[in-house]
Amino acid sequence: MGTVMRFEVGMEVPPVSKTLTQAQITLFEAGGAHEGPSIFTDPETAEKTLGMGRTVASGRMTLSFAVETLRRFFGERIYNHTGVADLRFIRPTRAGDTVTVRGKVTSITSEANGSRIAVELTVQNGNGETTAVGGGSAIVPAGLLPPAE
């Protein structure tokens, strides 16, 4: 058995903030299938394609921050076994931006082996603009939850 975990609807998820450098974006994109200049790695391509003089971070990179937020909240063992995340991207995140992922527990649903804890997620840049919204969840095993009242 482990430490008892308590969740309540409305509970805030500790935020995670990241400042994106071009070096980080380039390294992240190197793990993808795309080769050559792209809107993620080359400012000239970003200008020609998007009309922006700066590169943008891919949605996959922003999603990885959401996953990190949920893994910290639920714990790696729980999230890695039962966790999911889903985001909708509203506006681009650019090199030099600081993004913050925030979350709030929206529901707790009984499952056969525990409770599914659902979290609403919002990603904002340093200007307070929302760049992505969505949610995630994980099933917390019954043995880690307080006894039902």
Side-chain angles (χ1 to χ4, degrees), residues 1-35 38-41 45-46 49-50 52 54-149:
M1 213 61 78
T3 303
V4 172
M5 303 174 78
R6 298 183 188 281
F7 299 94
E8 297 176 12
V9 171
M11 175 184 217
E12 297 288 324
V13 173
V16 170
S17 292
K18 303 280 184 175
T19 299
L20 306 178
T21 66
Q22 184 59 56
Q24 291 167 324
I25 293 170
T26 300
L27 182 61
F28 187 87
E29 291 304 319
H34 184 80
E35 294 181 15
S38 72
I39 61 173
F40 310 117
T41 60
T45 302
T49 307
L50 304 173
M52 297 181 193
R54 289 191 296 166
T55 61
V56 297
S58 69
R60 294 181 309 117
M61 192 169 194
T62 301
L63 181 61
S64 73
F65 302 149
V67 168
E68 178 181 347
T69 303
L70 294 169
R71 286 179 76 209
R72 288 183 184 188
F73 182 63
F74 290 112
E76 290 180 18
R77 187 169 184 180
I78 291 170
Y79 188 79
N80 288 351
H81 285 87
T82 65
V84 296
D86 184 38
L87 290 181
R88 300 292 178 259
F89 304 101
I90 298 170
R91 63 177 39 92
T93 302
R94 298 176 179 93
D97 284 354
T98 297
V99 296
T100 302
V101 182
R102 291 183 175 80
K104 181 173 60 172
V105 174
T106 55
S107 68
I108 302 171
T109 309
S110 292
E111 297 274 335
N113 57 348
S115 291
R116 179 172 300 278
I117 313 299
V119 175
E120 175 183 83
L121 297 170
T122 303
V123 183
Q124 291 182 318
N125 63 22
N127 296 327
E129 300 168 320
T130 300
T131 61
V133 294
S137 68
I139 299 172
V140 178
L144 299 178
L145 296 167
E149 297 178 1

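The analysis underlying the following values was restricted to heavy atoms, covering all of them including side chains, and did not include hydrogens, waters or symmetry mates.
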| request: If the plane angle is over 60° it's perpendicular, under 30° parallel, otherwise tilted; pick one for Tyr79 and Phe74. | output: parallel
| field | Heavy atoms from other residues, nucleotides or ligands near CZ of Arg91 exceed 12 (cutoff 6.0 Å) | value | yes
| remark: Closest non-hydrogen atoms of Ser137 and Ala118, given as atom of the first, atom of the second and distance, are CB-CA, 3.9 Å
| said: Tell me every residue that passes side-chain contact (heavy atoms from CB on, under 4.5 Å) with Asp86, counting only those two or more places apart in sequence or in another chain. | reply: Arg88
| message | Distance check, rounded to the nearest 0.5 Å: Leu121 atom CG versus Thr62 atom OG1? | response | 12.0 Å
| task | Determine, stepwise, if the pair Lys104 / Val13 fulfils side chain to side chain contact (heavy atoms under 4.5 Å, CB included). | result | CA-CA 5 Å; Lys104 181 173 60 172; Val13 173; 5.9 Å; no
| request: Please round to the nearest 0.5 Å and tell me the distance separating atom OG of Ser17 and atom CD of Gln124. | output: 10.0 Å
| request: Verify side chain to side chain contact (heavy atoms under 4.5 Å, CB included) between Val123 and Thr93, making sure each step is shown before the conclusion. | output: CA-CA 10 Å; Val123 183; Thr93 302; 5.6 Å; no
| said: For a side chain to side chain contact (heavy atoms under 4.5 Å, CB included) check, start with the C-alpha distance between Phe89 and Thr131, then their side-chain angles and the critical distance, and finish with the verdict. | reply: CA-CA 6 Å; Phe89 304 101; Thr131 61; over 6 Å; no
| Just checking, is any N or O donor in the side chain of Glu68 or Ser64 under 3.5 Å from an acceptor N or O on the other one? | no
| Polar side chain donor-acceptor pair, Asn125 to Glu129, under 3.5 angstrom | yes
| request: Indicate the atoms forming the closest heavy-atom contact of Gly114 with Leu145, along with that distance. | output: C-CD1, 4.4 Å
| message | Please tell me whether Ser38 and Glu29 have a donor and an acceptor in their side chains that are separated by less than 3.5 angstrom. | response | no
| remark: Rounded to the nearest 0.5 Å, the OG1 atom of Thr55 sits from the CZ atom of Phe40 at a distance of 9.5 Å
| Of Thr49, Leu50, Leu20, which meets side chain to side chain contact (heavy atoms under 4.5 Å, CB included) against Val56? | Leu50
| task | Check the pair Ile90 / Val133 against side chain to side chain contact (heavy atoms under 4.5 Å, CB included), numbers first and verdict last. | result | CA-CA 8 Å; Ile90 298 170; Val133 294; 3.9 Å; yes
| field | Shortest non-hydrogen contact between Thr100 and Pro15, atoms and distance | value | CG2-CB, 3.9 Å
| field | Closest heavy-atom pair and its distance - Leu70, Val84 | value | CD1-O, 3.8 Å
| remark: d(Phe65 CZ, Leu87 CG) to nearest 0.5 Å is 11.5 Å
| said: I need the Glu8 CD to Ile117 CD1 distance, nearest 0.5 Å. | reply: 11.0 Å
| request: Test Thr26 against Gln22 for side chain to side chain donor-acceptor pair (under 3.5 Å), laying out the working first. | output: CA-CA 6 Å; Thr26 300; Gln22 184 59 56; 3.0 Å; yes
| note | To the nearest 0.5 Å, atom CZ of Arg54 lies from atom CZ of Arg94 at 5.5 Å
| So, for Ile139 and Arg116, which heavy atoms are closest and what is the spacing to 0.1 Å? | CD1-NH2, 3.2 Å
| remark: Closest non-hydrogen contact found for Met61 with Ile25 is SD-CG1, 3.9 Å
| field | Ile78 side chain reached by Pro141 side chain, heavy atoms, under 4.5 Å | value | yes
